[in-house]
Amino acid sequence: VQLQAFGGGSVQDGGSLRLACDASPSTQDYYAIGWFRQAPGKEREGISCISQSRGTEYYAGSVKGRFTISRDNIKDTVWLQMNSLKPEDTAVYSCALQALAKPYSPCSIRDDQYPYWGQGTQVTVSS
C-alpha cells in the first residue's frame, strides 16, 4: 500500500487549498482514507475521513463546515477541499488508509485505526 499527499502551500487567512491523496491500495478491497494534521508542538489530530462508498464521511468539529472530503474510487484519489482557512489550520497534513470489512463500514479519525500512512504536505495560513 502506498499513499501520497500533495497540494499543500501557503495562503492568506480566509483562503482555500485543495489537498489530494493518491492511494495504491494493493489488494485491499475496501478502504477508508483519513486526513490528519499535526502542528508544531501539538498532537496529531484526525480531521476527516471517508469510507469506500460516498455518504459515509466524518469531520472533526474544528473543520466542519469549512472542509469537504470527496473521493474517486476509480482513480483511488481522495480530495480535501479546505475553505475559509485560518492561521490555526497551519500544520503538516497527512493521509492514511484504513482497511474496511464492507464498503459502507464507517471510517474513523482515530490514528491507531490506520496502518498505512503517506508523507505529509505542509499547509501554512498567514494572518
Side-chain angles (χ1 to χ4, degrees):
V1 176
Q2 293 185 331
L3 299 161
Q4 184 177 3
F6 54 93
S10 297
V11 295
Q12 295 286 324
D13 189 357
S16 298
L17 282 173
R18 190 189 196 202
L19 304 184
C21 177
D22 282 344
S24 299
S26 186
T27 59
Q28 188 61 50
D29 289 332
Y30 308 120
Y31 65 92
I33 293 292
W35 282 100
F36 298 81
R37 67 185 182 185
Q38 189 165 22
K42 294 187 177 181
E43 292 188 355
R44 184 161 55 194
E45 176 190 15
I47 56 174
S48 184
C49 65
I50 185 167
S51 290
Q52 185 80 29
S53 294
R54 187 177 180 179
T56 307
E57 304 163 7
Y58 182 83
Y59 298 93
S62 58
V63 305
K64 196 171 186 178
R66 300 187 297 124
F67 291 10
T68 302
I69 194 169
S70 60
R71 71 185 285 167
D72 183 327
N73 288 329
I74 296 176
K75 296 180 179 179
D76 286 320
T77 299
V78 172
W79 294 274
L80 186 68
Q81 178 66 43
M82 306 186 296
N83 297 328
S84 302
L85 283 164
K86 307 173 183 179
E88 51 263 44
D89 293 318
T90 296
V92 175
Y93 285 69
S94 302
C95 59
L97 186 147
Q98 174 193 18
L100 298 176
K102 299 178 180 180
Y104 291 99
S105 296
C107 59
S108 169
I109 58 169
R110 287 178 47 183
D111 56 8
D112 61 359
Q113 300 296 306
Y114 290 81
Y116 306 104
W117 290 79
Q119 288 187 324
T121 183
Q122 177 70 44
V123 172
T124 302
V125 185
S126 56
S127 57

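Along the sequence shown, residues are numbered consecutively beginning with 1. Scope of the values below: all heavy atoms of this structure, side chains included, with no hydrogens, waters or symmetry mates.
Considering only heavy atoms from C-beta on, S48 comes within 4.5 Å of L80 through its side chain. Proximity of D76 to S24: side-chain heavy atoms (C-beta onward) are nowhere separated by under 4.5 Å. Inter-residue side-chain proximity for Q81 and S70 is flagged as unmet; no heavy-atom pair is nearer than 4.5 Å. In this structure, the side chains of C21 and L3 come closer than 4.5 Å at one or more pairs of heavy atoms. Side-chain contact between Q52 and R71 is present, with at least one heavy-atom pair separated by less than 4.5 Å.
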Side-chain polar contacts of residues 115-123 - donor-acceptor pairs under 3.5 angstrom, sequence neighbours left out - could you list them?
{"residue": "W117", "atom": "NE1", "partner": "Y114", "partner atom": "O", "Å": "2.7"}
{"residue": "T121", "atom": "OG1", "partner": "G8", "partner atom": "N", "Å": "3.1"}
{"residue": "Q122", "atom": "NE2", "partner": "A91", "partner atom": "O", "Å": "3.4"}
{"residue": "Q122", "atom": "NE2", "partner": "T124", "partner atom": "OG1", "Å": "3.3"}

Side-chain donor-acceptor pairs under 3.5 Å in residues 58-67, sequence neighbours left out?
{"residue": "Y59", "atom": "OH", "partner": "E57", "partner atom": "OE1", "Å": "3.4"}
{"residue": "Y59", "atom": "OH", "partner": "I69", "partner atom": "N", "Å": "2.8"}
{"residue": "S62", "atom": "OG", "partner": "E45", "partner atom": "OE2", "Å": "2.7"}
{"residue": "R66", "atom": "NH1", "partner": "S84", "partner atom": "O", "Å": "2.9"}
{"residue": "R66", "atom": "NH1", "partner": "D89", "partner atom": "OD2", "Å": "2.7"}
{"residue": "R66", "atom": "NH2", "partner": "S62", "partner atom": "O", "Å": "2.8"}
{"residue": "R66", "atom": "NH2", "partner": "D89", "partner atom": "OD1", "Å": "2.9"}
{"residue": "R66", "atom": "NH2", "partner": "D89", "partner atom": "OD2", "Å": "3.4"}

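Atom-to-atom distance recorded for I50:CD1 and Q98:CD is 12.5 Å, nearest 0.5 angstrom. Taking CG of L19 as the start and OG of S94 as the end, the distance is 10.0 Å to the nearest 0.5 Å. Taken to the nearest 0.5 Å, the CG atom of N83 stands 11.0 Å off from the CZ atom of R18. How far CG of D22 is from SG of C95: 8.5 Å, rounded to the nearest 0.5 Å.
The minimum heavy-atom distance linking C49 with I109 is given by the pair SG-CG2, 3.9 Å. Between L17 and G7, the shortest heavy-atom distance links the atoms CD2-O, 4.0 Å. The two atoms that bring A20 and W79 nearest to each other are CB-CD1, 3.8 Å, heavy atoms only. Of all the heavy atoms in L97 and Y31, the pair that sits closest is CD1-CD1, 3.5 Å. A pairwise comparison of heavy atoms in Q38 and K42 identifies NE2-O, 3.1 Å as the closest pair. Annotation for F36 and A96: closest pair CE1-CB, 4.0 Å, computed over non-hydrogen atoms.
Using modelled atom types, one side-chain atom of S51 and one backbone atom of S105 make a donor-acceptor pair closer than 3.5 Å.
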